[in-house]
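I have placed the structure first, in the form of C-alpha cells, so that the comments after it can refer back to it.
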Amino acid sequence: VEENPVSTYLRLVSVPCEISYSLPVGYALKKGVGVELFSGKDTVLFAYGPVMLTEAFRAREALLKEGIELAIINSPWLNIVDSSWLRTAVSDKKMVVTLDDHYTRFGAGEMIAAEIARLRIPCVVLSLGFTDIPECGQPDEVLTFHHLDGLSVAKAIKKARNGMKAAVKRSSNL
C-alpha cells in the first residue's frame with residue numbers, strides 16, 4: 001500500500017479460517033506475479049486468499065492420495081497478471097485450474113484464462129467459481145454447496161483430467 005502510486009484495494013477475511021500454507025521465506029509482492037506454494041507435475045491451480053488457498057491445499061491432499069501432484073500458486077492480483085511470469089508458470093502444464101470465491105465472470109480466473117489464450121499456451125483451462133448468486137450459510141457450507149470445497153475441487157480436476165485423456169485417446173485413433 002505504501003509503495004503503490006495508485007489506488008489500492010485490500011480484501012480482508014472476516015471469518016476465522018485455517019491456514020494450510022505459508023509464503024516462501026523472503027517473498028516480496030511483485031505487481032502481477034504470483035508465487036508457487038506447492039510444486040506439481042502437469043496441473044497447476046491458481047487461487048488467492050486464505051480461504052481459497054486452504055481449499056486448494058485440501059484438493060491437493062486428496063489428489064496426492066491418487067498419485068496426482070497439483071501445483072498451487074498464490075495469485076494475489078485480481079485484476080492484473082504479468083504475461084512473462086504467467087508463461088513461465090504454466091508453460092510445462094497440461095491443465096490450469098483457477099479457483100475464485102466469487103463469480104467466474106470477470107474474475108481473476110477469467111483474466112488468467114484470457115491471458116493464456118492471448119499467449120497461445122497449449123493447455124486446458126478449468127475455471128471454478130460462482131456462476132450464480134451464492135447460497136446463504138457458513139463459509140464451509142456455501143463452498144460445499146457450490147462445489148468449491150477442497151474435495152469437490154479435487155473431483156472436478158480429476159474429471160477434467162480424465163476428459164483430457166479420453167480426448168487424446170480419441171485423437172490418436174484418427
Side-chain angles (χ1 to χ4, degrees), residues 10-13 15-102 104 107-117 119 121-130 139-140 142-144 146-165:
L10 293 176
R11 185 175 184 190
L12 304 175
V13 176
V15 295
C17 67
E18 171 185 330
I19 305 291
S20 305
Y21 61 91
S22 60
L23 294 172
V25 175
Y27 169 73
L29 193 63
K30 184 176 175 190
K31 188 174 182 178
V33 175
V35 60
E36 187 175 78
L37 302 177
F38 299 96
S39 62
K41 290 189 179 178
D42 63 354
T43 303
V44 60
L45 184 148
F46 289 82
Y48 51 85
V51 173
M52 298 318 286
L53 284 168
T54 295
E55 296 305 326
F57 174 77
R58 289 177 178 152
R60 175 182 163 78
E61 290 296 305
L63 291 169
L64 277 174
K65 292 176 183 173
E66 300 191 37
I68 300 170
E69 293 180 23
L70 177 66
I72 299 176
I73 293 180
N74 174 19
S75 182
W77 302 94
L78 302 184
N79 62 350
I80 188 166
V81 63
D82 181 278
S83 297
S84 60
W85 167 77
L86 183 63
R87 180 184 299 281
T88 302
V90 303
S91 64
D92 63 339
K93 305 300 187 221
K94 294 177 185 169
M95 180 185 289
V96 172
V97 181
T98 62
L99 181 59
D100 285 295
D101 65 348
H102 56 80
T104 54
E110 190 171 84
M111 177 192 60
I112 290 169
E115 193 60 26
I116 287 171
L119 295 170
I121 298 170
C123 65
V124 171
V125 178
L126 174 63
S127 295
L128 303 174
F130 294 109
D140 59 333
V142 174
L143 292 174
T144 300
H146 291 282
H147 307 290
L148 297 174
D149 61 294
L151 188 56
S152 297
V153 169
K155 287 178 183 176
I157 291 170
K158 194 171 164 195
K159 181 178 178 182
R161 286 171 53 95
N162 289 340
M164 284 175 27
K165 289 177 186 175

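Quick caveat, the model's predicted, so the values are computed rather than measured.
Using a 4.5 Å cut-off on side-chain heavy atoms (C-beta onward), Leu148 and Met52 make contact. Two residues are said to be in side-chain contact when any heavy atoms from C-beta on lie closer than 4.5 Å; Val142 and Phe130 meet this criterion. Under the 4.5 Å side-chain criterion, counting only non-hydrogen atoms from C-beta, Val90 is in contact with Phe46. In this structure, Ile72 and Glu36 have side chains that are not in contact, with every pair of non-hydrogen atoms separated by 4.5 Å or more. Side-chain contact between Val51 and Pro139 is absent, with no heavy-atom pair separated by less than 4.5 Å.
Rounding to the nearest 0.5 Å places CG of Asp140 at 8.5 Å from CD of Glu55. The OH atom of Tyr48 sits 10.0 Å away from the CG atom of Leu53 when rounded to the nearest 0.5 Å. For the atom pair Asp149 CG and Lys155 NZ, the distance stands at 8.0 Å (nearest 0.5 Å). Taken from CG in Asp42 to CZ in Arg161, the straight-line distance is 4.5 Å, to the nearest 0.5 Å. To the nearest 0.5 Å, atoms CG (Leu37) and CD1 (Ile73) are separated by 8.5 Å. Atom CG in Leu45 sits 11.0 Å away from atom CG in Asn74 (nearest 0.5 Å).
A donor-acceptor pair is defined here as one N or O able to donate and one able to accept, closer than 3.5 Å; no such pair exists between the side chain of Asp100 and the backbone of His102. Between the side chain of Trp85 and the backbone N or O of Val35 there is no donor-acceptor pair closer than 3.5 Å. Lys93 places a side-chain N or O within donor-acceptor distance of the main-chain N or O of Lys41, the cut-off being under 3.5 Å.
For the 3.5 Å distance criterion, the side chains of Ser83 and Glu115 qualify, holding a donor opposite an acceptor.
Among residue pairs with one or both ends in residues 49-69, those qualifying as ring pair (Phe, Tyr, Trp, His ring centres under 6.0 Å) are Phe38-Phe57; sequence neighbours excluded.
Nearest heavy atom pair, residue Ala56 against residue Leu70, reads O-CD2, 4.3 Å. Closest of all the heavy-atom pairs between Cys123 and Ile116 is SG-CG2, 3.7 Å. Scanning all heavy atoms of the two residues, the minimum distance from Val33 to Pro76 falls at O-CD, 4.0 Å. Of all heavy-atom pairs between Ala154 and Leu63, the closest is O-CD2, 3.6 Å.
For Arg58 and Glu61, the salt-bridge test fails: no basic side-chain N is under 4.0 Å from an acidic carboxylate O.
In this view, Glu110 satisfies the side-chain hydrogen bond (donor to acceptor under 3.5 Å, both in side chains) rule with no residue, not counting sequence neighbours.
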